[in-house]
Number of protein chains: 2
Amino acid sequence: MDDEDLLKLDNQICFAVYACAREITKLYHPLLQPLGLTYTQYIALLALWEKDGVTVKELGRRLYLDSGTLTPLLKKLETSGYLTRTRDPEDERNVRIELTPQGRSLKRQACAIPEKLFVQAGVTAEEAANVHGQMMELLRRIHRQDEA
Amino acid sequence: MDDEDLLKLDNQICFAVYACAREITKLYHPLLQPLGLTYTQYIALLALWEKDGVTVKELGRRLYLDSGTLTPLLKKLETSGYLTRTRDPEDERNVRIELTPQGRSLKRQACAIPEKLFVQAGVTAEEAANVHGQMMELLRRIHRQDEA
DNA sequence: CCAAATTAAATTTTATACAATTTAATTGTA
DNA sequence: TACAATTAAATTGTATAAAATTTAATTTGG
């Protein structure tokens, strides 16, 4: 394969993931708007519903996001009353994120979202699992390279 | 499967695509920096190297991006001397994008990028084709739903 | 013990993204 | 032909993202 084709193939693969991610985000928009959440805020809350009381660093590691993105996002969610940000007295460099009762109760409303989304996108369980596996494999490999 | 599990699955799949797209962008950064290009600018140029003389609308359709994103991006590439933006005399609502000789010559430098990236990410041709197929299939399906 | 190195957040800067609105040009139709 | 509807870009406002820098706290080596 020559450079010309490689440039096209490259375009197709990386671009496909990139465009797909944006289209997924757009699909979420009408479902998240009634809750007053953006997609990134929803992703952050999903992580916190599974485990909160974590530091910004730890949350960022799980979401592949750094403080430059998380700090303003978490401040917004704090203003909305969904979580608290507290300096850890043990080590004041760390900021711990705790969900408030309102933050926890949002989960009940969010539970309706995935089903709506799967139906809307017409994605089967097999396809979902397949895509998930492949993306995670690629993600891990890329991230390792990215760190090195 | 209960709502709780659905929420987790949803989290995993959509998040995997979303995080993967961002990690890919980061992987490109050191390769694009010497050319003075961002990832989105690179993607736009890839599309234009395949076919230029198109309207902003047509380019946006191919990239899944709207004028809100493309207008400032194309203005930057125009300032850099890589393309021209001209109102179509036939229909002045349309703005046509044409590559300049400098814009075309950038392609030769960009030819080295895909190979470097594949090697760096350790992605095989099979895996690449597999991921690509799945993403395009998902992309098409989601986009159809998104339009409806 | 203490200065240097390290670490975690926050901040700053630049560049996307996209929804919603506006502007200007064109088209369709009564 | 007027004029409403449609269309393409541009603009506006909000929210990400990430690189680079800064600040403050902690750790570590001499």
Side-chain angles (χ1 to χ4, degrees), chain A residues 15 18-34 36-45 54-61 63-80 85-97 142-143 146-147, chain B residues 15 18-33 36-45 54-61 63-80 85-97 143 146-147:
Chain A
F15 171 68
Y18 160 75
C20 212
R22 285 187 288 112
E23 288 301 311
I24 287 174
T25 305
K26 281 188 222 171
L27 210 55
Y28 271 97
H29 187 257
L31 300 176
L32 291 174
Q33 199 163 35
L37 294 175
T38 65
Y39 180 68
T40 314
Q41 289 167 3
Y42 170 68
I43 288 288
L45 284 172
V54 296
T55 64
V56 173
K57 185 79 174 179
E58 163 65 9
L59 186 61
R61 194 191 58 73
L63 299 176
Y64 294 82
L65 290 171
D66 69 5
S67 66
T69 302
L70 284 176
T71 297
L73 184 148
L74 292 170
K75 280 182 177 175
K76 260 173 223 125
L77 290 176
E78 186 184 36
T79 302
S80 301
R85 297 160 60 251
T86 328
R87 288 276 166 189
D88 186 342
E90 297 285 305
D91 183 341
E92 297 219 355
R93 288 172 304 182
N94 294 307
V95 167
R96 293 207 172 271
I97 310 301
I142 291 173
H143 194 241
D146 208 28
E147 300 221 294
Chain B
F15 171 70
Y18 162 72
C20 212
R22 284 187 288 110
E23 289 299 312
I24 287 174
T25 305
K26 281 190 223 173
L27 210 54
Y28 270 99
H29 187 256
L31 301 176
L32 291 174
Q33 199 162 35
L37 294 175
T38 64
Y39 181 69
T40 314
Q41 288 167 4
Y42 170 69
I43 288 289
L45 284 173
V54 296
T55 63
V56 172
K57 186 79 174 177
E58 163 64 8
L59 187 61
R61 194 191 58 72
L63 299 175
Y64 295 85
L65 290 171
D66 69 6
S67 67
T69 302
L70 284 177
T71 296
L73 185 146
L74 293 170
K75 280 182 177 175
K76 262 173 220 125
L77 291 176
E78 186 183 37
T79 301
S80 301
R85 297 160 59 252
T86 327
R87 287 276 165 191
D88 187 342
E90 298 285 304
D91 184 340
E92 298 218 356
R93 288 172 304 181
N94 293 311
V95 168
R96 292 206 173 271
I97 310 301
H143 194 241
D146 207 28
E147 300 221 294

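No hydrogens, no waters, no symmetry mates; every other heavy atom, side chains included, goes into these values. Throughout, protein chains are lettered first and strands after them, A, B, ... in sequence-line order, and every chain is numbered starting at 1.
With a 4.5 Å cut-off on side-chain heavy atoms, A:Leu32 and A:Gln41 do not count as touching. Side-chain contact between B:Leu37 and B:Leu77 is present, with at least one heavy-atom pair separated by less than 4.5 Å. Residues B:Lys57 and B:Arg61 form no side-chain contact, since every pair of their non-hydrogen atoms from C-beta on lies 4.5 Å or further apart.
For A:Leu59 and D:dT16, the CG to P distance is 13 Å, given to the nearest whole Å. In this structure, CD of B:Glu78 is placed 14 Å from C1' of D:dA10, rounded to the nearest angstrom. Here D:dT23 presents its C1' atom at 13 Å from CD of A:Glu92, a figure rounded to the nearest Å. The distance from atom CG of A:Asp91 to atom P of D:dT28 is 12 Å, rounded to the nearest whole Å. The interatomic distance linking B:Leu27 (CG) with D:dA19 (C1') rounds to 16 Å, in whole Å. To the nearest angstrom, P of D:dA9 lies 13 Å from CG of B:Leu63. When the P atom of D:dA25 is taken as reference, atom CZ of A:Arg87 falls 8 Å away, rounded to whole Å.
Using the Watson-Crick or G-U wobble rule with both distances under 3.5 Å, D:dT12 pairs with C:dA19.
In this pair, B:Tyr18 and A:Tyr39 present their aromatic rings perpendicular. The plane angle is above 60°, beyond the 30 to 60° band.
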Applying side-chain contact (heavy atoms from CB on, under 4.5 Å) to B:Thr40 and B:Leu65, what does each step give before you reach the verdict? CA-CA 10 Å; B:Thr40 314; B:Leu65 290 171; 4.0 Å; yes

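Of the listed residues (A:Val56, A:Thr71, A:Leu74, A:Val54), just one forms a side chain to side chain contact (heavy atoms under 4.5 Å, CB included) with A:Val95, and that residue is A:Val56. With B:Arg96 as reference, B:Asp88 is the one residue of B:Asp88, B:Thr86, B:Thr55 to meet the side-chain hydrogen bond (donor to acceptor under 3.5 Å, both in side chains) rule. A side chain to side chain contact (heavy atoms under 4.5 Å, CB included) with B:Ile97 is found for exactly one of B:Arg85, B:Glu58, B:Glu78, namely B:Arg85.
Contact check, A:Ser67 against C:dA9: no side-chain N or O comes under 4.0 Å of OP1 or OP2. Between B:Thr55 and D:dA9 there is a side-chain N or O to OP1 or OP2 distance below 4.0 Å. One finds a side-chain N or O of B:Asn94 lying less than 4.0 angstrom from the OP1 or OP2 phosphate oxygen of D:dA9.
Here the straight-line distance linking atom CZ of B:Phe15 with atom OH of A:Tyr64 works out to 6.5 Å at 0.5 Å rounding.
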Per-nucleotide protein contact along nucleotides 13-19 of chain C, 5' to 3', at a 4.0 Å heavy-atom cut-off (B base, S sugar-phosphate only, - neither), is --SSBBB

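No engagement by A:Arg96 is indicated, since no non-hydrogen atom pair under 4.0 Å with the nucleic acid exists. As judged by a 4.0 angstrom heavy-atom cut-off over every strand, A:Arg85 is placed among residues touching the sugar-phosphate backbone only. Using a 4.0 Å heavy-atom distance criterion, B:Glu90 is classed as a sugar-phosphate-only contact.
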Please write out each protein N/O paired with an N/O of nucleotides 4-7 of chain C under 3.5 Å, distance rounded to 0.1 Å.
| from | atom 1 | to | atom 2 | distance (Å) |
| --- | --- | --- | --- | --- |
| C:dT7 | O2 | A:Arg93 | NH1 | 3.3 |

